[in-house]
Asks: 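My questions all concern the structure below.
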Amino acid sequence: MITILFDGIAYGMLLFVLAVGLAVTLGLMNFINLAHGAFAMAGGYITVLLMQRLGVPFLWCLLLAFVLVGLLGALLERTLYRPMYSKPPLDQVLFSIGLAFMAVAGVDYFMGSSQQNVQLPEWLSGRTEIGHGAWMLGMGHYRLFIIVLCALLTVALQLLLSRTRFGSRLRASVDDPRVAAGLGINVNVVFLLTFAVGSGLAGLGGALGAEILGLDPTFPLKYMIYFLIVVSVGGTSSITGPLLAALLLGIADVAGKYFIPTLGAFIVYTLMILILMWRPEGLFTRKGGK
């Protein structure tokens with residue numbers, strides 16, 4: 001039980017890093033980006049290529065995945081996404097899901113449809129067992145690494161959004177762009193940086209998840225529903241909601257597959273339905289914005 005809880009927390013923290021960029025763009029920027037999984041897939045493939053073909057150490061691959069995918073997100077925000085901010089939600093959905101299908105087709109053409117493997121460094125490949133009997137905890141080193149890294153990222157992101165001038169400028173830009181611009185805030189730059197950071201976090205999540213979730217060209221479509229569940233259940237008021245939703249989803253998914261494998265993802269969807277029936281707006285909802 002304790003090992004299942006530990007693995008569920010690790011899985012949930014990974015889902016949070018993968019989905020938090022969507023939570024920021026959807027909740028704070030009011031843009032529906034269903035191509036978010038394509039950025040995560042890009043981070044995974046960058047890691048695979050750097051490690052397998054160039055021999056770049058794993059930790060450097062994580063950093064480069066964040067930076068390169070963030071730069072890609074900034075480029076696409078400037079050229080493709082920005083004109084869509086003022087469009088109706090349906091236009092945003094069709095546009096972004098079209099990008100996701102284009103990314104799937106492009107990766108399948110250039111990289112092939114086979115599953116990609118990530119060779120973890122030796123210090124992340126082991127497993128440590130603590131305790132005895134029913135209270136024994138089997139900790140995979142890589143899952144422990146994911147929990148620690150994602151927890152640090154969560155704290156840093158929460159502080160960035162709630163305690164810094166950039167976070168206040170972002171909220172002001174979302175609530176009323178015209179007034180924010182009148183106060184001297186460069187709304188376009190704020191949205192550009194926000195989108196780049198969200199894309200970079202998706203790339204980092206894809207790099208971290210390549211070994212656990214698997215990596216192939218269908219990744220953006222396969223995990224799109226998980227990203228949307230995290231955002232819809234957690235709400236968009238802060239980082240706390242998506243974090244709690246991701247942890248619940250991760251623990252329920254791991255426990256359900258272990259104890260009731262025949263039901264598959266049914267437990268996850270049931271949990272989502274029950275939470276949304278109780279709180280249709282999500283666990284946390286930001287009030288006061290337009």
Side-chain angles (χ1 to χ4, degrees), residues 1-23 40 44 58 62 118 120-158 201-202 204-215 219 222-223 225-235 238-279 282-284:
M1 288 292 295
I2 299 178
T3 301
I4 292 173
L5 179 62
F6 175 82
D7 289 345
I9 291 175
Y11 184 41
M13 295 296 281
L14 178 60
L15 288 177
F16 170 72
V17 174
L18 281 165
V20 68
L22 179 60
F58 180 69
L62 296 182
V118 176
L120 295 176
E122 185 177 350
W123 59 279
L124 288 177
S125 302
R127 183 180 181 87
T128 300
E129 295 184 351
I130 302 175
H132 300 279
W135 297 100
M136 185 179 68
L137 169 61
M139 295 189 302
H141 294 171
Y142 187 55
R143 284 169 170 76
L144 180 61
F145 172 76
I146 288 177
I147 292 176
V148 173
L149 179 60
C150 295
L152 293 175
L153 287 174
T154 302
V155 173
L157 192 59
Q158 180 66 26
L201 289 173
L204 176 61
L208 289 169
E211 195 272 339
I212 295 178
L213 304 177
L215 183 65
F219 186 93
K222 187 186 305 181
Y223 291 99
I225 185 64
Y226 284 84
F227 303 155
L228 293 176
I229 290 176
V230 170
V231 175
S232 60
V233 171
S238 66
I239 302 302
T240 307
L243 174 61
L244 180 58
L247 290 175
L248 289 174
L249 174 62
I251 294 172
D253 192 49
V254 171
K257 290 177 179 177
Y258 181 84
F259 290 110
I260 319 175
T262 55
L263 292 182
F266 179 78
I267 295 178
V268 172
Y269 298 133
T270 302
L271 180 63
M272 175 194 70
I273 292 172
L274 293 176
I275 293 177
L276 292 180
M277 288 178 61
W278 170 49
R279 292 185 65 86
L283 296 175
F284 295 86

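What you see below is based on every heavy atom in this structure, not just the backbone, and it leaves out hydrogens, waters and symmetry mates.
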Asks: Starting from the C-alpha separation in whole Å, work towards a yes-or-no answer on side chain to side chain contact (heavy atoms under 4.5 Å, CB included) for Leu243 and Met13.
Replies: CA-CA 7 Å; Leu243 174 61; Met13 295 296 281; 3.8 Å; yes

Asks: Write down the atom of Val118, the atom of Glu211, and the distance for their closest heavy-atom approach.
Replies: O-CG, 4.1 Å

Asks: Closest heavy-atom contact between Met272 and Ile229?
Replies: SD-CG1, 3.5 Å

Asks: Does atom OH of Tyr258 have more than 12 heavy-atom neighbours from other groups under 6.0 Å away?
Replies: no

Asks: Output the distance between atom OG (Ser232) and atom CZ (Phe227), rounded to the nearest 0.5 Å.
Replies: 13.0 Å

Asks: Could you report the tightest heavy-atom contact between Pro242 and Ala23, atom names first, then the distance?
Replies: CG-CB, 3.8 Å

Asks: Applying salt bridge (Lys or Arg N to Asp or Glu O under 4.0 Å) as the test, list every pair that has at least one member in residues 139-158; sequence neighbours left out.
Replies: Asp7-Arg143

Asks: Can you tell me if Trp278 has over 12 outside heavy atoms packed within less than 6.0 Å of its CH2?
Replies: no

Asks: If you apply the rule side chain to side chain contact (heavy atoms under 4.5 Å, CB included), what do you find for Val233 with Leu249, and how did you get there?
Replies: CA-CA 10 Å; Val233 171; Leu249 174 62; over 6 Å; no

Asks: Where is the tightest heavy-atom contact between Asp253 and Tyr226, given as atom of each residue plus distance?
Replies: OD1-OH, 3.9 Å

Asks: For a 4.5 angstrom cut-off between non-hydrogen side-chain atoms, does Ile275 reach Leu248?
Replies: yes

Asks: Does the side chain to side chain contact (heavy atoms under 4.5 Å, CB included) test come out yes or no for Leu228 and Leu22, once each step is laid out?
Replies: CA-CA 8 Å; Leu228 293 176; Leu22 179 60; 4.0 Å; yes

Asks: Going by the side-chain contact (heavy atoms from CB on, under 4.5 Å) test, name the single residue among Leu274, Ile273, Ile267 that passes it with Thr270.
Replies: Leu274

Asks: Any idea which heavy atoms bring Phe58 and Pro121 closest together, and the distance?
Replies: CB-CD, 3.8 Å

Asks: With sequence neighbours excluded, tell me which residues meet side-chain contact (heavy atoms from CB on, under 4.5 Å) with Leu213.
Replies: Tyr11, Leu14, Leu18, Phe219, Tyr223

Asks: Less than 4.5 Å apart, side chain to side chain, heavy atoms only: is that true for Ile146 and Ile212?
Replies: yes

Asks: In Å, rounded to the nearest 0.5 Å, how long is the span from CG of Leu5 to CD1 of Ile251?
Replies: 5.0 Å

Asks: Roughly how far apart are Ile2 CD1 and Met139 CE, rounded to 0.5 Å?
Replies: 11.5 Å

Asks: State, to 0.1 Å, how close Leu208 and Tyr142 come at their nearest heavy-atom pair, and which atoms those are.
Replies: O-OH, 2.5 Å

